[in-house]
Amino acid sequence: MCRGPGLLYTNKRVLQELSVALYNHLLQPGLCPDALRNVHFLCCDIDRDLITRAQAANACPDSITFSTLDITDASSLGTLGSFLDRFGQSSFHIGFCMSITMWIHLNHGDEGLVEFLNLLKTLCDYLLVEPQPWKCYRSAARRLRKLGKQNFDHFHTLSIRGDMAEEITKIMTKDGTAELIHQFGETDWDRSLLLFKVRRTMKHSI
């Protein structure tokens, strides 16, 4: 999968490091010989200061673009569309959704999570998702309580809960819109990596 643009939407702590690591992985000898010419990443986060720091430290500005973007905001589609237009593409070849589904879920509820994943299915040919397990939800809520802050608005009303890798797979594959083609075991943080292939009828031009 070394052709075309890629979309990276991930936890703020690893955005810059992960984007560069993924890009460098594609540059390994024999893996993707035309990577420098054909691979372009759009790496997004809602934290403007984080994006500013990532841009300043960007060693591959011709191939990696950092952008402040809230993908749950409909206006973000303009940024995504402009990026794809630069390369004459209507969709991202692959999207990486790393350690972000829980935050979408907690802040936007069940409906927000479903809408987020359905949007990514229209934007990407392939999608790699790293869902946070349910215990991370409880830990996030507990941290807020310890800080004396108000709990997440949707935490106690979520009906999508339990085995989040299974629940996200159900959302992604509902009505045959995508298929799970590989599950890469678990990371050091006890999280699954799920690779989906989106059926072409789900894609559209932005």
Side-chain angles (χ1 to χ4, degrees), residues 1-28 31-101 103-104 107-108 112-130 168 172 177-178 193-206:
M1 293 184 216
C2 63
R3 66 164 180 82
L7 173 67
L8 177 65
Y9 199 63
T10 186
N11 182 284
K12 65 177 61 178
R13 292 175 297 176
V14 298
L15 177 68
Q16 201 271 336
E17 293 88 348
L18 180 58
S19 60
V20 174
L22 284 170
Y23 180 72
N24 286 336
H25 176 71
L26 293 176
L27 299 186
Q28 294 182 64
L31 182 62
C32 188
D34 57 349
L36 276 173
R37 181 167 51 88
N38 290 332
V39 174
H40 302 274
F41 285 146
L42 175 62
C43 308
C44 308
D45 193 274
I46 62 174
D47 187 330
R48 189 175 301 276
D49 291 338
L50 172 77
I51 293 298
T52 298
R53 292 195 299 271
Q55 288 170 333
N58 188 3
C60 311
D62 293 333
S63 298
I64 302 176
T65 300
F66 293 98
S67 178
T68 304
L69 183 144
D70 180 357
I71 204 167
T72 63
D73 185 341
S75 64
S76 68
L77 293 178
T79 299
L80 299 174
S82 296
F83 183 84
L84 289 170
D85 287 344
R86 286 168 51 192
F87 307 105
Q89 300 292 321
S90 61
S91 63
F92 292 92
H93 183 52
I94 185 167
F96 300 89
C97 181
M98 314 299 288
S99 299
I100 198 68
T101 53
W103 302 112
I104 300 290
N107 288 291
H108 299 274
L113 176 64
V114 172
E115 289 179 353
F116 170 68
L117 293 173
N118 284 339
L119 173 62
L120 291 179
K121 282 191 283 186
T122 69
L123 294 173
C124 304
D125 299 342
Y126 293 86
L127 185 64
L128 184 68
V129 184
E130 181 197 28
I168 284 176
M172 288 292 298
T177 51
L193 287 171
L194 311 172
L195 180 62
F196 298 93
K197 181 179 181 180
V198 178
R199 299 193 185 280
R200 293 192 174 275
T201 54
M202 279 296 298
K203 296 188 299 180
H204 67 85
S205 298
I206 299 175

* Begin from the C-alpha positions of Ile71 and Ser76 and carry the test side chain to side chain contact (heavy atoms under 4.5 Å, CB included) through to its verdict. => CA-CA 6 Å; Ile71 204 167; Ser76 68; 4.3 Å; yes

* If you take all heavy atoms of Ile51 and Cys43, which pair is closest and at what distance? -> CD1-O, 4.2 Å

* Do the side chain of Lys121 and the main chain of Met172 share a donor and acceptor less than 3.5 angstrom apart? -> yes

* Asked: What heavy-atom pair brings Ile168 and Val129 nearest, and what distance separates the two atoms?
  -> CG2-CG1, 4.3 Å

* Over all atoms of both residues, closest heavy-atom pair of Ile104 and Thr72 -> CD1-CG2, 3.6 Å

* **Side chain to side chain, Ser19 and Phe66, heavy atoms closer than 4.5 Å** => yes

* Structure fact -> Closest non-hydrogen atoms of Asp125 and Ser91, given as atom of the first, atom of the second and distance, are OD1-OG, 3.0 Å

* Asked: With under 30° as parallel and over 60° as perpendicular, where do the rings of His93 and Tyr126 fit, or are they tilted in between?
  -> perpendicular

* Asked: Would a distance-only check, ignoring hydrogens and angles, find a side-chain to backbone donor-acceptor pair under 3.5 Å from Asn58 to Ile64?
  -> yes

* Considering all heavy atoms, the nearest Cys97-Leu127 contact -> CB-CD1, 4.5 Å

* Straight-line distance of Asp47 CG to Thr68 OG1, nearest 0.5 Å -> 7.5 Å

* To do: To the nearest 0.5 angstrom, please state how far the CD atom of Gln55 sits from the CG atom of Leu50.
  => 9.5 Å

* To do: Tell me whether the centres of the aromatic rings in Phe116 and His108 are closer together than 6.0 Å.
  => no

* Asked: Rounded to the nearest 0.5 Å, what separation is found between the CG atom of Leu120 and the CD atom of Glu115?
  -> 12.0 Å

* Asked: So, do Asp73 and Ile46 sit near enough that their side-chain heavy atoms are less than 4.5 Å apart?
  -> no

* Structure fact -> Output for pair (Thr52 OG1, Asp49 CG), nearest 0.5 Å, gives 6.0 Å

* To do: Would you please test Asn118 and Thr177 for side chain to side chain contact (heavy atoms under 4.5 Å, CB included) and show each step?
  => CA-CA 9 Å; Asn118 284 339; Thr177 51; 5.5 Å; no

* Indicate yes or no for a side-chain donor-acceptor contact from Glu130 to the backbone of Ser99 under 3.5 Å, with no hydrogens or angles considered. => yes

* To do: Answer yes or no: is there a side-chain heavy-atom contact under 4.5 Å between Arg86 and Thr65?
  => yes

* To do: Without swapping roles, check the side chain of Ser82 against the backbone of Thr79 for a donor-acceptor pair under 3.5 Å.
  => no

* **Plane angle bin for Phe41 and Phe96 - parallel if under 30°, tilted between 30 and 60°, otherwise perpendicular** => perpendicular

* If you take all heavy atoms of Met98 and Leu193, which pair is closest and at what distance? -> CE-CD2, 3.7 Å

* Go through the steps for Leu80 and Phe92 under the test side chain to side chain contact (heavy atoms under 4.5 Å, CB included), then give the verdict. => CA-CA 9 Å; Leu80 299 174; Phe92 292 92; 4.2 Å; yes

